[in-house]
Amino acid sequence: MVSRAVRLALAREVAAGVTDPEMPMLTLEDLGVLRSVDLEGSLEAERAGEPETVVARITPTYLGCPAMATMRDDLVHRLNDAGFARVEVRVVLDPPWSSDWISARGRRALAAHGLSAPGAVRRAPVLTLGPTRRHLTCPRCGSRNTALTAEFGATACTALYRCDDCLEPFEHVKEI
């Protein structure tokens, strides 16, 4: 029988490899959505042959994020396929997700796919009524001569920009 530590390591590795359904170049771990993976179940139950439960905790990038159901289903299916019969996905809302949680590997993956990665999050003020001003660099040519075309892109987490030098449009993952 494989030890509990080995099974936990496998569960974490499998969960960490699940990709985001809206930005498939990122894993849930790269995006900072996957918070933890643990095994729950008593040793007595394990000795009796009952499988432990893999508990994955995820935090949505936005409340009401439409991708959450797909993330949950993908985690359950991938862990089931890896041999874990019982999987539970719990949503963690506190602390709220921050774009600061995107890993360095995730930021490189965004840039490699022509998306502008978020900068550091400004901590104050939380709510403003004015437009969000960002000074971005075009992920294609590196020019800083960019302009906002739409505050919302294909997903609520992105804004649409264009580069006024190379004339290419690009998406920017917002700072949250």
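Throughout, numbering of the chain's residues begins at 1 and tracks the sequence.
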Non-hydrogen atoms of [X] and [Y] that approach each other most closely:
| X | Y | value |
| --- | --- | --- |
| T27 | D30 | OG1-N, 2.9 Å |
| T19 | P24 | CG2-O, 3.6 Å |
| C166 | C163 | N-SG, 3.4 Å |

Please name all residues satisfying side-chain hydrogen bond (donor to acceptor under 3.5 Å, both in side chains) with [X], sequence neighbours left out, ordered by chain then number.
| X | answer |
| --- | --- |
| R86 | none |
| T61 | none |
| R107 | none |

Any chance you could measure [X], atom [atom1], to [Y], atom [atom2], to the nearest 0.5 Å?
| X | Y | atom1 | atom2 | answer |
| --- | --- | --- | --- | --- |
| L31 | W101 | CG | CH2 | 10.5 Å |
| L93 | I58 | CG | CD1 | 10.0 Å |
| R162 | T149 | CZ | OG1 | 7.0 Å |
| E168 | C138 | CD | SG | 7.5 Å |
| L10 | F84 | CG | CZ | 4.0 Å |
| D20 | L28 | CG | CG | 6.0 Å |

Quick one: do [X] and [Y] end up in the same hydrophobic cluster if we chain Ile, Leu, Val, Met, Phe, Trp and Tyr together by side-chain heavy atoms under 4.5 Å apart?
| X | Y | value |
| --- | --- | --- |
| F170 | V173 | no |
| Y62 | M71 | yes |
| M25 | V33 | yes |
| L148 | L136 | yes |
| V91 | L34 | yes |

Can you list the residues that meet the salt bridge (Lys or Arg N to Asp or Glu O under 4.0 Å) rule with E171, with sequence neighbours excluded?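 Listed in chain order: nothing, the list is empty.
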If you define the side chain from C-beta out and look only at heavy atoms, does anything of [X] sit under 4.5 Å from [Y]?
| X | Y | answer |
| --- | --- | --- |
| L160 | P169 | no |
| R134 | T146 | no |
| S99 | V121 | yes |
| R12 | L8 | yes |
| S36 | R90 | no |
| W97 | I102 | yes |
| E40 | E88 | no |
| R7 | V54 | no |

Going by atom types alone, do T59 and R35 pair a side-chain donor with an acceptor below 3.5 Å?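 R35 and T59 do have a side-chain donor-acceptor pair below 3.5 Å.
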Mark yes or no for whether S98, through its side chain, and I176, through its backbone, hold a donor-acceptor pair below 3.5 Å.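 At least one qualifying donor-acceptor pair exists.
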Could you walk me through whether F152 and K174 satisfy the side chain to side chain contact (heavy atoms under 4.5 Å, CB included) test, starting with their C-alpha distance in whole Å, then the side-chain angles of each, then the deciding distance to 0.1 Å, before giving a yes or no? CA-CA 9 Å; F152 294 96; K174 296 177 191 171; 3.1 Å; yes
Does the distance from a Lys or Arg side-chain N to an Asp or Glu carboxylate O, for R78 and E13, drop under 4.0 Å?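 Between E13 and R78 there is no salt bridge, as every charged N stays at least 4.0 Å from the carboxylate O atoms.
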Not counting sequence neighbours, which residues clear side-chain contact (heavy atoms from CB on, under 4.5 Å) with T155? List them please.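 Scan of T155 (side-chain contact (heavy atoms from CB on, under 4.5 Å), adjacent residues dropped) gives E22, C157, T158.
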All N/O donor-acceptor pairs, side-chain side in residues 108-120, below 3.5 Å, sequence neighbours left out:
from	atom 1	to	atom 2	distance (Å)
H113	ND1	A109	O	2.9
S116	OG	H172	ND1	2.7

Partner of L75 by side-chain contact (heavy atoms from CB on, under 4.5 Å), out of V18, N80, V37, V87: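 Answer to the side-chain contact (heavy atoms from CB on, under 4.5 Å) test with L75 among V18, N80, V37, V87: V18.
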